[in-house]
Each structure stands twice: as C-alpha cells, then as structure tokens.
Number of protein chains: 2
Amino acid sequence: MPLGVSETAFIDPQGGNRGAIAALLQDALHLLLDHSTQAAQGSPLPPLQPWQLPTAIPQQGQDPALLFHHLQSLMAQSMNPAHPGYLGHMDPPATTLSLVGDLLAAVLNNNMLAVEMSPVFSRLEPLVLQELAQGFGFGAGSGGLLLSGGTLANLQALTVARNVQLPPVRTQGLGAAGRPVVLASAVAHTSWRKATMVLGLGSEALIPVATNDESQMDLGDLERQYQGAIAAGQRPFALVATAGTTVTGNIDPLPALAAFAQAQGLWFHVDAAYGGALIFSPEQRHRLQGIDQADSITFNPQKWLYVTKTCAMVLFRQMDRLQEAFHIAAPYMGRDGDWRNLGEVSVQGTRHVDILKLWLSLQHLGHQGYGALIAASYDLTDYLRRGLEQRSFLHLASGPELNILCFRGQPQGLDPAVWDDWNRNLQQFLLKEADCFLSLPLYRGSLWLKVVLLNPHCDRAILDRLLAGIDRYAALTLPS
Amino acid sequence: MPLGVSETAFIDPQGGNRGAIAALLQDALHLLLDHSTQAAQGSPLPPLQPWQLPTAIPQQGQDPALLFHHLQSLMAQSMNPAHPGYLGHMDPPATTLSLVGDLLAAVLNNNMLAVEMSPVFSRLEPLVLQELAQGFGFGAGSGGLLLSGGTLANLQALTVARNVQLPPVRTQGLGAAGRPVVLASAVAHTSWRKATMVLGLGSEALIPVATNDESQMDLGDLERQYQGAIAAGQRPFALVATAGTTVTGNIDPLPALAAFAQAQGLWFHVDAAYGGALIFSPEQRHRLQGIDQADSITFNPQKWLYVTKTCAMVLFRQMDRLQEAFHIAAPYMGRDGDWRNLGEVSVQGTRHVDILKLWLSLQHLGHQGYGALIAASYDLTDYLRRGLEQRSFLHLASGPELNILCFRGQPQGLDPAVWDDWNRNLQQFLLKEADCFLSLPLYRGSLWLKVVLLNPHCDRAILDRLLAGIDRYAALTLPS
C-alpha cells in the first residue's frame, strides 16, 4: 500500500494482512450479534437523538475502533424492524442468509451490468426469475429482471409497455404520440405517478380509477374513465392492477381487469410488489387468480420474502419483448453468446448482485418455510382483526385480504374534527407506552393506523399488548 | 418460529438462537477470508464452468452447510477484481469498511425511502453529500442524492434538467414541448442514450458531438451540432460533458463547455462518474477546473473510491431545484420537519443504505489515503505508458489524463483486416498466459485493449508481466 493508506484499507489478496482483517471483521460480527440478538429490548423506532456523527471527511484516516464506537450508537438509533413490535410498514427483518448473501456479494463486488462482470450471477438471475415467473403461471418464454427497488421495477415495466404500445416513441420520442395515459386505481402506489412523470407522459397522465369500499378498483368507474379519456383525445395504453395496496393490502379484481385490458388492447401490469408472495402459500394463492394473464408483474422479495433491501423484480410473460422494446447497447462490454448483458435491457446499468441473497434465502427456507410464515401471518391477522372489531370506537378501512389491517378511532364521544389528532396521538402512545410501531398513513383524506403483520417475531402476546395499549389510551382520552 | 421454518432462518431478537447464528456467520466469514486472502492465486476472470447450481426452489429448506459448499464454487467462478492482474474495467476491489457497511446495513435493513424508515441514514446522506458537493466547488445551497448506480444518477440528473428547462413537461408530458434534444460527446457513456429513451425524448434525441484525437468534445462541432438542431426545429436543453470517458478516460474541456452552456441557456451536466475522484488529489484536481460551473454532477464512489457497488450520486449546485422539479409525494409516510423523505425526490423509492459504507470508507481512508491511492495509480499509468510506447507495433488511443490506457496492436507486418482478430487473441493470451485481464472495447470502429490502473494491489511487477506477455504474443504471431 502507498504511504498514508491504512494497512487494513483493503484485504491483501496474497493474505499478508489476514490477521488484522479477521480481527476487524470479528469486531463487526460482534456488533451485529450484540445488536440483533437484543433487538427486542429497544424501541421499534427509537426517537431521533441530537446529531453526533462526524460527517467531515478527515485529513488522516480514522482508527476503525473509533468508527465502531460511532457505529454502535448509530445502530441504536436506526429503525428497528426486527423488534417484535415493529408493525408499521412492509419492511421486515432480514433472513439470515440475506446477511450472508450481502456480505459475500460485497467482497466479490461483481456487477450485474454484464456477463463479463458477473459470470455466475448474470446466469443465476435469469434462471431463478424464470422459475418465479412460472410460479405466477407464466409459460415458456417468460422471465424477469431484478431492479434496485419496486419503484424501479414499475418504471422498467411502464417503459417497456410504452415502447411496445407506441412503437415510434423508443427512438423518436413522445412528440408525435398524442397524449398517452395510464389507468390505475386511485390507491395504486405513488411510484406509478412518478413513473409517468419520469417517462415524459406527465404526472397527470396517470388516470385514477375510483375504488369500492374494499379499496379495489371499481369496474364501472374504469369503463367511465377509459371512455372519458378516449373522448378527451387521450390514448390509454396500459392498465395497472394492484395485488396488495400500500395502505390496506387489498387486491384488485384481476380476472375482470385482465379481460378489460385484452378487450381494449391495453398492456396489463399487476403490481404484486407485496401480494406476490402468495404464490408460496397453497392456502392463499387463489387470491392471485388471473395474474397469469398479465403482460408484466412487479414482485418484491424485499417485503414478504424477508430478503434484505433491495430485492425487487419485474417479470414479463414474453421476455423477448424486453429485448425488442428496450435494448440499448454497451459497446465497451464483452459478450457471451448464450447470456444477455442485463445492463443493456434495464433502466439500471451497474447493479448490485441482489440475486445471491434471494437465491440463498429461497434455498434455505424453501416453499415450506415461506408457506408456514405466510400462514402464521394470516393467523395473527385474524386474531388482531377480532380484537379490533370488539372495540366499537375503532373502524376498519377495509376487509383484510393479506396480512395488513388499517383502522382508526372514530369515538362517538368526540367531535369528528379532532379524530385525526386523536389517532395521531394514539400512534405515539402505542410507540412509547406499548413498544408497538404502527404507521400513520393519510388515506381517504384522514389519518389511519396501519398494522403490517409481517414480522416473524410477532405473536399473540405482542398483539395483546397492542390492544391493551389501545384500551389504556381510550380510557385516558375518551369520556366514560 | 412456525413449524417448517428453519431455526436459523432469522436472528431471534431475544437472543434465543445466538449460538447457531454466530456459528453460521463465522462460516460465512471463513469463506470470505479464505477467498479474499487467496484472490491473487486464481484468475482475474475465471472461465465459465458448466452450470451446477440448483436453481429450483426446494420444497423443504436446505441445510446451510450444503449452500456454503455451493457458495465456495460459485465464488471461485466469479469476476475477481481483487486479483492484482484485474485491470479491465472501472471495477475495483472493495474497501474493508465497505464490507462492514454492507453487512451492518443488511442486519439493520433500513430504507432510504423516508426519514421514518432510516432516521440516522436519511440525515447522514445529505450531510456527507453536501460536503462532497462543496468539494467540487459548489457553494451553499448545493447538495446531492445517492442512487443505485451511475446510470440512475444520470437519469435523475436529466429528469431534473428536463423538468426545469421545459416547465409544463413534469405534469403535462412532452406532447407540447416540441422536439427537445441533449448534446453530448460521441463517446459519452451509453447511459445517456438510455436516459433520453426512458425519458420519452427518444434515443435519437441524444445528439453526438464529434471528439478530437484526445477523445475530448470538439468545440467547433458542438457549435455546428447546436446550430443544426436549432435549424431543424429541435430544442436543445442540456449539454453533458464527461470527466473520464468510459474507454479512454479523457476529460472534455469543461470551462469552454460551461461558457457555451451558459451562453445558450442549456443545463450543464458533468458526468464525473469516474474522474470525480480527483477532488481527493491535490496534484490532479486541477484537471476538473470548471466543474463548479455545472448545474449537476454525477460521481460514483463505487469506482475510484473503492466503495462496493452500488454507490453513485448526483450533486446539484442548487439543491432546491431537485425538490421543485421532481417532488412526488408519498402520503403513506410520516414526515419530519427538518429532513426530507428522499424517496419523494428520487427516481427510486425503497433504496439500500449506501451511505453507511461510503461514510465508513471516507472516514477510514481520509483525504490522505485516497490522495495516496490516486498518486500511486498515476505513477503506474506513466510506467505502463512508457512500456507501451516502446513497442512500435502498439498504438495508444489517446493521451491518458486519468489512470486509463487504451491501446491496440497495429503491426505493420500484418494485413490491417486481421488487426481486430490479433487484438482479440492478444486479450485472451494475456488472460490465460499472464493472468492479466484487460477489456476489449469497440471504439472508433475497432477493437482496443483497455487497462484501468485502479487496482491497489497492482504494481510494476504486474505491469512487467503484462508487457512480457505482450512481447511473447508478438513473438509468436508477428513475422520476425
């Protein structure tokens, strides 16, 4: 190493500093174990502390011991999704094999841009994703691509949909394409509006379709919105269904939407970022009926498969369309006859090796393991639902279809004008007094409490604590 | 855990399975150490083996011991950037603290989507990036955003540029915007063409400006291309300069391009994905003169700062423009008065915590460490350049400005029609007979050999081996 570079800055590929590196990584492992085996003792979402980390880049490198000292306090202040009371978002604790996968991916530092830069992983990813595509009922010729997060998976899908449906746009742009629009449920994820904005369609090109009481797309309104767009001179080219809405976890009527899309010649996408995990549940997978009619599907193992972030994918019924509608060559890369340079068909170029942790987690848990986790999660959902329904001052946003419950207090003894405040304070009370973190989404113009029963360490005792916390708060705040 | 889920699938937050988890992670650590401390013994780019990994998802979960057995062979077949003879791409071995950062990011599994999901990291990222922005000469009000790879950083920059320059596009789309176009060097990275395609401008909206013999943008041709676009009814709105071209590592004339962009009212972006590291070199940073005039800059620590993939950023001279021109709300997220939900201003939503490994690496190496690595890298570049110039059958593509040398054999004794084959075979010879991996880009219509002297384990002895390999190949293939 040149003078001024720490002896442990890199691992010597000749083994010269193995002892020092091993000691440093052991320290990291101890930090990891001490933190994660005591995660239940802290708060699911610790309060923000005054800022103490040094952010200035020092002239001389710092001793790792000092950095590890900072790391300890930084970890203690982080979101703590392994806490059994962390129930607020679709953000789970990690599978153990995800940690192994991320650690080994880091030391290998391969690049999903091209086969030459990831000879094993550029083959592993298409093979695993083809199997998952078939798990959704897609046939031969299907396949997929991992992307760094669900927003990018949706962006990738809509780019391909636009280029397939409006052929000159890929090379000549949207100038001559009229006013293309996309239809999606009013409660579809915010990334769809972002995608229409990024793609040059404009954020107003996402036409929201009204939902019924169960947060599912209303077919009558779909027909009205579609005809209205045509009448206004717009050009609908894609229909986005959701299998697992962000706030309430509901599923759009997939078979009817598939039929509508086919009749009107629309690209049919199913955003199953969350609900896609049901393919691992023999008891629940019927809820995804019709998804095999999609042209493309988003599915995020970073959610209900507990793989570390990021791990998200887009699957295509006809994988060839991706190549035809997207390919941008990278002439500085070598090529291999049989395998694709994935960076040439992706909105990303250089990309992290997310397939390693996904493959390891699927192998370690198997169909049976994931199926059992999903079943347990449905049991807890039923249990908590009954508890919530027993409390007359609470109101459920919709009938749960997955493992998500969304509710709010609408206590008759209080002025409806203060209900939002009452719920906001309830969320804080539950976090501080019951060690349970629920999120507080804005939904249908009001504040709600959202519970995601994803955490494998959650059990009925935690839910009893949550319900008792609600009762204590109600006793303190409601007229008796 | 439910029946059927492995006891080590997750870390018990109560510590119940600490022993088993510790043993499993120790096994992973041994794999890591055995691989990385012997990385110099293998090949820098091992040949592809017949496929042996199981990709089918098993019914019952597999024993980690079996998976670790597969991992060993999988690692042995991966791209090996830690090998001292890996010189082919801008893909380095990882800093040790990157490994620590990626491991701890995995166990925390926080999410850069929102402050609520990453309370510490959503504060750390803007602070560190603001300091880096100022390192490029930007003033108060500057800042930046990490993205999962340089292609996304470029996409983010061009989305903001488009929305700022063509105000109705953000909400109403490109329909009424005429034919917007972007000017960039003919050798700008392929991600710029991808960005114009994704953004709905069309892949033909990237207007290539010719380069001089040193692969730098030609100012006369820039003026011609700009006037030609105007005459054709197109609407140039951005100019992209490159500081470190992909194949030859050259730098466009930044001060002149900044002046041109300002005179014509164009957004000025500098793609310093590679060359941006020069801000850490007191001797070399003068090469970036003029970069402080940019509206936005791409800079990828995943390259010359040796941070694991992915770690890339876009920096804005006026950070407020990002909020104004991009913001898409996520109403299901909590908010904190002082800190931004980064997912609302990014083409990504859920995002990996890349700031942890970047912060740790910057703290561990410091200005001095990175400066010393860059200086050593320039020394090796000079050394190899002299060696290549001594061989009359070799021809350099351009005068090197960074640590990249691009050359090809044009032996006078051979028909020029076979030169491409001769160079292709030379690349394979060097890989097999000299354990040196050089890449083989297509550039100016011919095949070249590219050497990136980024590897901190490379030294003059390796370069002597490379030159000796070239001589042996020449002796075997050239008429004496």
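Note that the coordinates shown come from a computational prediction; the quantities given were computed from them, not determined experimentally. Chain letters run A, B, ... following the sequence lines, proteins first, then strands; residues in each count from 1.
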Option in [options] with maximal non-hydrogen atom pairs under 4.5 Å from chain B:
options	answer
A/Pro180, A/Ala28, A/Pro168, A/Pro2	A/Pro2
A/Lys357, A/Met117, A/Arg193	A/Met117
A/Val353, A/Thr190, A/Leu97, A/Asn300	A/Thr190
A/Gly200, A/Ser439, A/Ala105	A/Gly200
A/Pro46, A/Ala177, A/Ser203, A/Gly371	A/Ser203
A/Gly178, A/Pro64, A/Ser78, A/Gly150	A/Ser78

Engaged part of [X] at the chain A interface, taking heavy atoms whose separation is under 4.5 Å:
X	value
B/Leu45	side chain
B/Leu132	side chain
B/Leu104	side chain
B/Asn163	side chain
B/Leu24	side chain

In the structure I gave you, are the side-chain heavy atoms of [X] and [Y] within less than 4.5 Å of one another anywhere?
X	Y	answer
B/Val107	A/Met75	yes
A/Thr55	B/Leu124	yes
B/Thr151	A/Arg351	no
B/Leu29	A/Leu29	yes
A/His352	B/Ser148	no
B/Leu356	A/Leu71	yes
B/Val100	A/Leu25	yes
A/Leu360	B/Phe68	no

* To do: Check the pair A/Arg123 / B/Leu53 against side-chain contact (heavy atoms from CB on, under 4.5 Å), numbers first and verdict last.
  => CA-CA 10 Å; A/Arg123 293 191 286 174; B/Leu53 284 180; over 6 Å; no
Hey, which of [options] has the most heavy atom pairs under 4.5 Å with chain A?
options	value
B/Leu99, B/Thr196, B/Asp63, B/Asn17	B/Leu99
B/Leu31, B/Leu440, B/Leu373, B/Val169	B/Leu373
B/Gly101, B/Pro81, B/Ala376, B/Ala375	B/Pro81
B/Met112, B/Lys450, B/His189	B/His189
B/Pro47, B/Pro84, B/Ser346	B/Ser346
B/Val198, B/Thr246, B/Val247	B/Val198

Closest approach of [X] and [Y], non-hydrogen atoms and distance?
X	Y	answer
A/Gly369	B/Val5	O-CG2, 3.5 Å
B/Leu108	A/His35	CD2-NE2, 3.4 Å
A/Arg162	B/Leu199	NH1-C, 4.1 Å

Nearest 0.5 Å, what's the [atom1]-[atom2] distance between [X] and [Y]?
X	Y	atom1	atom2	answer
A/His89	B/Asn111	NE2	CG	9.0 Å
A/Ile21	B/Leu33	CD1	CG	8.0 Å
A/Thr350	B/Lys309	OG1	NZ	6.5 Å
A/Asp102	B/Leu103	CG	CG	8.5 Å
A/Leu66	B/His364	CG	NE2	11.0 Å
A/Asn110	B/Gln77	CG	CD	11.5 Å

Tell me whether [X] contacts the main-chain N or O of [Y] through its side chain, where contact means a donor paired with an acceptor under 3.5 Å.
X	Y	answer
B/Thr96	A/Thr8	yes
B/Thr171	A/Gly202	no
A/Trp359	B/Pro54	yes
B/Thr308	A/Ala106	no
A/Lys194	B/Gly343	yes
B/Arg179	A/Gln172	no

* Asked: Is there a side-chain contact (heavy atoms from CB on, under 4.5 Å) between B/Gln38 and A/Gln14 once you walk through the steps?
  -> CA-CA 5 Å; B/Gln38 301 175 51; A/Gln14 313 269 13; over 6 Å; no
Under 4.5 Å from a heavy atom of chain B, the part of [X] involved:
X	result
A/Asp27	neither
A/Gln130	neither
A/Gln59	both
A/Asp12	backbone
A/Ala56	both
A/Met197	both
A/Ser36	both

* Side chains of A/His70 and B/Gln363: do they bring a donor and an acceptor to under 3.5 Å? ->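 No, no side-chain donor-acceptor pair sits under 3.5 Å.
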* Start with the C-alpha distance between A/Asp91 and B/Asn109, add both sets of side-chain angles, then the distance that settles side-chain contact (heavy atoms from CB on, under 4.5 Å), and finish with yes or no. => CA-CA 8 Å; A/Asp91 283 61; B/Asn109 209 19; over 6 Å; no
* Should B/Leu155 and A/Leu152 be marked as a side-chain contact (heavy atoms from CB on, under 4.5 Å) after you check the CA-CA gap, both sets of side-chain angles, and the distance that decides it? -> CA-CA 12 Å; B/Leu155 182 68; A/Leu152 291 180; 5.8 Å; no
* Got a sec, which residues hit side-chain contact (heavy atoms from CB on, under 4.5 Å) with A/Thr95, two or more places apart in sequence or on another chain? -> A/Ser98, A/Tyr306, A/Ser361, A/Leu365, A/Tyr370, B/Phe10
